[in-house]
Amino acid sequence: MLTHLPFDPLPRRAPTAAEPVTVNLRRPPPDVVVPWHCHDWAQLAFPLRGGMRVSAAGTTWLVPSFRAVWIPPRVEHEVVMLGQVELRTVYVAPEAAPPTLISCAVIEVSPLMRALIEALAE
């Protein structure tokens, strides 16, 4: 499991029983590759600015700032930043993850969803 990246000055806040959903702000260097890894929790990867390429489960998605990728727990994935990217990673404890989202999916991020993610970040 990948727990820390050399370019990431802040440790990730993983979900816990007391806090089953956490939101992390990430500002990786331009064009960086986050190598193949997986988490015990689900993840919603949402670029605020820029875009990313996410590969998982034999599929690759190009993710612009108005979309996000849902990655269920324990699914191996790779993320490539396309230029300068600022993103939110929403981590969801397995017991709090929606039971119907058992595979990777692209999700449209509405203004309401974006506002909710930002509110959770605070």
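FYI, side chains are in, hydrogens and waters are out, and symmetry mates aren't considered; it's all heavy atoms of this structure. Residues: numbered from 1 along the sequence shown.
- The nearest pair of heavy atoms linking L120 to V23 is CB-CG2, 3.6 Å.
- Judged as a side chain to side chain contact (heavy atoms under 4.5 Å, CB included), and not counting sequence neighbours, the contacts of I107 are L44, W70, M113.
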Show me the side-chain donor-acceptor pairs of residues 51-61 shorter than 3.5 Å, one per line, residues at least two apart or across chains.
from, atom 1, to, atom 2, distance (Å)
S55, OG, T60, OG1, 2.9

Scan the side chains in residues 88-102 for donor-acceptor partners under 3.5 Å anywhere in the protein, sequence neighbours excluded, and list what turns up.
from, atom 1, to, atom 2, distance (Å)
R88, NE, E118, OE2, 2.9
R88, NH2, E118, OE1, 2.8
Y91, OH, R12, NH1, 3.4
Y91, OH, R26, NH1, 3.4

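- Of the possible donor and acceptor atoms, one in the side chain of D31 sits under 3.5 Å from a partner among the backbone N and O of G83.
- Taking the six-membered ring where the residue is Trp, H37 and H39 present perpendicular rings, their angle passing 60° and hence far from 30°.
- Residue pairs meeting the ring pair (Phe, Tyr, Trp, His ring centres under 6.0 Å) criterion with at least one partner in residues 95-122, sequence neighbours excluded, do not occur; the list is empty.
- Looking at residues two or more places apart in sequence or on another chain, you find a salt bridge (charged side-chain N to carboxylate O under 4.0 Å, His left out) between R49 and E86.
- One hydrophobic cluster, built from ILVMFWY side chains closer than 4.5 Å, cannot hold both V79 and F66; they sit in different ones.
- For the pair T22 (side chain) and R13 (backbone), a donor-acceptor distance under 3.5 Å is present.
- The closest side-chain heavy-atom distance from M81 to V34 is below 4.5 Å.
- Residues F46 and L87 are not in side-chain contact: their nearest non-hydrogen atoms beyond the backbone lie 4.5 Å or more apart.
- Counting only residues at least two apart or on different chains, the salt bridge (charged side-chain N to carboxylate O under 4.0 Å, His left out) pairs with a member in residues 57-77 are R67-E108.
- Using a 4.5 Å cut-off on side-chain heavy atoms (C-beta onward), P47 and P64 make no contact.
- For S65 against L48, the heavy-atom pair with the smallest separation is CB-O, 3.5 Å.
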